[in-house]
Amino acid sequence: MAARQIKKLAAGGIALGGTVALASWVFGDDNHTKKQFGHVLAADNLKSRPTKPLPTRSEQLKALEDEVYDVLVIGGGATGAGCALDSVSRGLKTALVELEDFSSGTSSRSTKLLHGGVRYLQKAIFNLDIEQYKMVKEALHERANLLEIAPHLSYPLPIMLPVYTWWQIPYYWSGIKMYDLVAGSKCIKSSYVLSKEKAIELFPMLRKDKLCGAIVYYDGQHNDARMNIAIALTAARLGATVANHVKVVSLTKNKDSEGQEKISGAHVRDEITGKEWDVRAKCVINATGPFTDSIREMDQQTVNKICAPSAGVHIVLPDYYSPASMGLLDPSTSDGRVIFFLPWQGLTIAGTTDTPCEVTHHPSPTEADIEFILGEIRSYLSPDIEVRRGDVLSAWSGIRPLVSDPNKPNSQSLVRNHIVHVSDSGLVTIAGGKWTTYRSMAMETLDAAVKKCNLPAVRESATDGLLLEGAHGWTPTMFIRLVQDFGLESEVAKHLSETYGDRAFSVAKLAALTGKRWPIVGKRLHEEFPYIDAEVRYAVREYACTAVDVIARRLRLAFLNVQAAEEALPSIISIMAEELNWSDDEQKRQHAEAVKFVREEMGQQVNRQSRDKIPINLSREEISNYIKRFQALDQDKKGYISINDIRRGLKRQGEIISGTQMHEILREVDVNSNGVVELDEFLQLMACIKSGRVTNSRFDQLAQEAQKNAEEEEAKRKAIPVDRSGGGV
């Protein structure tokens, strides 16, 4: 039966996925139109690399006060930024405001894939659902477009689907081949079948017993937050006014000629200064993702909710959990969800869950979600690999803006199809959808806005094939020029190239001298990551206003390793203080807010709570040994270990570190936050290390070294005979 259904859809897919007509743009050249829209870029200028510098944030805010806009977009996520770019590409005077930072919500918390949706295609096949088929078809076109318009930020990624039952090989192969067929000419690379031996060769961490083979298919991967920022910056380069940290307090309305109330803009507040004003616009677009209904309620208090929020948790693990260039798909987890296991930014990302939730600006991961993902990973990886809770470097939760359907029983049955709705007062709402299809969603939204609000567009949408910020002059070997021209480390140069594209040269010019023979410029913010000082300065020029903006969206450090993010904070805040003239009090406030962010939203707090719940399950011999280790640092027999003890231990080892770093080592163990480490806290740490809840503890390494030194000194004393010790006659 399944085979017949697959054949049916295959035939339909081939018929529907034939040749794709190339979109043509029709540009009006009426003289009156040109005079009326003198601010509009000519069509040819859309394709060339913008050379005009970005307006400062203060200039953008002044424009919001002074200008009257055709379109005001609320929301700076992928969809909102996409709407702003689509609008300005049509020649419309455009503004965008975002409550927090560009991509601060769902758009920075995705699985980092550009995909059509293998799961949705499977449902389309078995339910013979033409709407889901069309959604997959559209997403595959958009996947190809993103790989073309932002090649520095996106790339093809092979994903392995391991098969443990012989009959599933043809079953999954036919489904994956259908995915290739639906993509048609937009197929990245053709999928293929692997033998068991070849699958193990390409993914050595895979569980070998009962493995029959594997199927490999291709999707795209990207740096989601940076992609979102690139879309917003591209809109700004083309003339749109974009401003982050600006809250919409209320919508403003005027009566039209027929006495009907129509939206005329929004009353907004700058969250940095507290200043409030009205932004005037002919059309307002609500692109606020999970917060869609809160804006709709500003328009009409009694309104039916159209969004069903669902939380998706991801975790980040060390790089040794996956090959550097091969992902893994678990198509059927223990509860029927799909789990991806992917290399990303030099580490491994795993997720996601799918749980109905409440809407919040500060979602946080739960221990249950983290343990669920780890459990699924254990079932696919070799028993030789111990999947440890302590290996979780960061964890985050993102709220998906799924479109609700009262006829469906649960969130897994919700399709991320989008809807465009225009209220009686003219509020245009775009809701649902997914990251990959942001551009087509924006195009459909602006089509509706132009029609319903009678906007004076001078051309159709021009975003299909429109290169994003950094793409115009980028090549895969561009990083070599950065190394040669500036004296950057190769790893740093490659990172800059793959983050900023052809704008990487502007970043490199801001890099400080290292004072070393090599590299000449580019001081790392953290020794484990290729992020440098210049990126913080450049981030401010790209509208970063807070330390969280930098560690979460500009550098991605908080998403990769919460401990490293907290360790890099003092340097980051110091540089931002120079750029933004922060006072000492403001620097302290920024530090506190950033620490709160990594602890509550990036998994640091749940990591610590997980560790603290572990019982001290140690043998008598282990406890005796660990007490000796504790006493080796507590030389004064105080009953606790202080900062001075840590400093003394490090000095004995010939290491000199800053006071901030010493406090970070202390915090690893100081559960009570009283500034010292007591014996019970130390034993708790040892129990966590034994259980795998804690890995690579610097405090334990320091204690081990102190114990070793103490034992060596004791052995030397015992080796000296009495007649040589000064006690003989």
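The model shown is predicted, which means the values in this text are computed figures rather than measured ones. Values reported hereafter were calculated over all heavy atoms of this structure, with side chains retained and with hydrogens, waters and symmetry mates removed.
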For the atom pair CG (Asp485) and CD1 (Ile480), what is the distance rounded to the nearest 0.5 Å?
-> 11.5 Å
Please list all pairs passing the ring pair (Phe, Tyr, Trp, His ring centres under 6.0 Å) test where one or both residues lie in residues 490-517, with sequence neighbours left out.
-> His495-Tyr531, Tyr500-Tyr538
Arg554 with Glu535: basic N within carboxylate O range, under 4.0 Å = no
Write down the atom of Tyr543, the atom of Val242, and the distance for their closest heavy-atom approach.
-> CE1-CG2, 4.0 Å
Does some side-chain heavy atom of Ile532 sit less than 4.5 Å from a side-chain heavy atom of Val521?
-> no
Output the distance between atom CG (Asp549) and atom CD1 (Ile572), rounded to the nearest 0.5 Å.
-> 11.5 Å
Please tabulate, one pair per line, all N/O donor-acceptor pairs under 3.5 Å involving side-chain atoms of residues 509-520, not counting sequence neighbours.
residue, atom, partner, partner atom, Å
Thr514, OG1, Lys516, N, 3.1
Thr514, OG1, Pro519, O, 2.4
Thr514, OG1, Ile520, O, 3.3

Verdict with reasoning, Ile349 to Phe559, per side chain to side chain contact (heavy atoms under 4.5 Å, CB included) = CA-CA 10 Å; Ile349 183 173; Phe559 281 81; over 6 Å; no
Thinking salt bridges, do Lys247 and Glu271 make one under a 4.0 Å N-O criterion?
-> no
List the steps and the verdict of side chain to side chain contact (heavy atoms under 4.5 Å, CB included) for Leu64 and Val268.
-> CA-CA 10 Å; Leu64 282 175; Val268 302; 5.7 Å; no
So CE of Met602 and CG of Leu557: to nearest 0.5 Å the spacing works out to 11.5 Å
Looking at Lys93 and Asp70, does any basic side-chain N land under 4.0 Å from a carboxylate oxygen?
-> no
N/O donor-acceptor pair under 3.5 Å between Ser154 side chain and Leu146 backbone | yes
Pair Phe291 and His361, ring centroids less than 6.0 Å apart | yes
Report the relative orientation of the aromatic rings in His152 and Trp474; use parallel for angles under 30°, tilted for 30 to 60°, perpendicular for over 60°.
-> tilted
Quick one: closest heavy-atom pair of Tyr438 and Ala78, and the distance?
-> CD1-O, 3.6 Å
Could you tell me whether Glu100 and Arg553 have a side-chain N and a carboxylate O separated by less than 4.0 Å?
-> no
Given Glu542 and Arg503, is the salt bridge (charged side-chain N to carboxylate O under 4.0 Å, His left out) satisfied, shown in steps?
-> CA-CA 12 Å; Glu542 290 186 337; Arg503 304 282 175 181; over 6 Å; no
Is there a side chain to side chain contact (heavy atoms under 4.5 Å, CB included) between Val248 and Leu72 once you walk through the steps?
-> CA-CA 11 Å; Val248 171; Leu72 169 64; 5.7 Å; no
To the nearest 0.5 Å, what is the distance between CG (Leu113) and NE2 (His222)?
-> 7.5 Å
Do any N or O atoms from the side chain of Thr437 and from the backbone of Lys434 form a donor-acceptor pair under 3.5 angstrom?
-> yes
So, for Arg524 and Glu528, which heavy atoms are closest and what is the spacing to 0.1 Å?
-> NH1-C, 4.4 Å
So, for Thr499 and Arg226, which heavy atoms are closest and what is the spacing to 0.1 Å?
-> O-NE, 3.3 Å
Separation of Leu347 CG from Tyr321 OH (nearest 0.5 Å) = 12.0 Å
Note: Lys62-Glu59 ion pair, threshold 4.0 Å (strictly below) | no
Shortest non-hydrogen contact from Thr436 toward Ala139 = CG2-O, 3.5 Å
Backbone of Lys523 reached by a side-chain donor or acceptor of Asp533 within 3.5 Å | yes
For atom CG of Asp584, is the number of surrounding heavy atoms from other residues, nucleotides or ligands below 6.0 Å larger than 12?
-> no
Donor-acceptor contact present, side-chain Trp435 to main-chain Lys112, <3.5 Å | no
Hey, are the side chains of Gln604 and Glu566 touching, using non-hydrogen atoms and a 4.5 Å cut-off?
-> yes
Side chain to side chain contact (heavy atoms under 4.5 Å, CB included) between Glu601 and Arg109, worked out | CA-CA 11 Å; Glu601 296 186 46; Arg109 303 172 190 235; 2.8 Å; yes
Please confirm whether the backbone N or O of Leu92 pairs with a side-chain atom of Thr94, one donor and one acceptor, at under 3.5 Å?
-> yes
Glu586 backbone acceptor or donor facing Ser583 side chain under 3.5 Å = yes
Pairing of Asp86 and Arg90 as salt bridge, 4.0 angstrom limit | yes
For the residue pair Gly473 and Asp502, what are the closest heavy atoms and their distance?
-> N-OD2, 2.8 Å
Passes side chain to side chain donor-acceptor pair (under 3.5 Å), His526 versus Asn561? Steps please.
-> CA-CA 11 Å; His526 193 282; Asn561 188 316; over 6 Å; no
Could you point out which residue of Asn228, Thr546, Asn244 forms a side chain to side chain donor-acceptor pair (under 3.5 Å) with Asp101?
-> Asn244
Side chains of Ile295 and Val284: does their closest heavy-atom pair fall under 4.5 Å?
-> no
Counting N and O atoms only, with roles assigned by atom type, does the side chain of Arg537 sit under 3.5 Å from a partner on the main chain of Glu579, one being a donor and the other an acceptor?
-> no
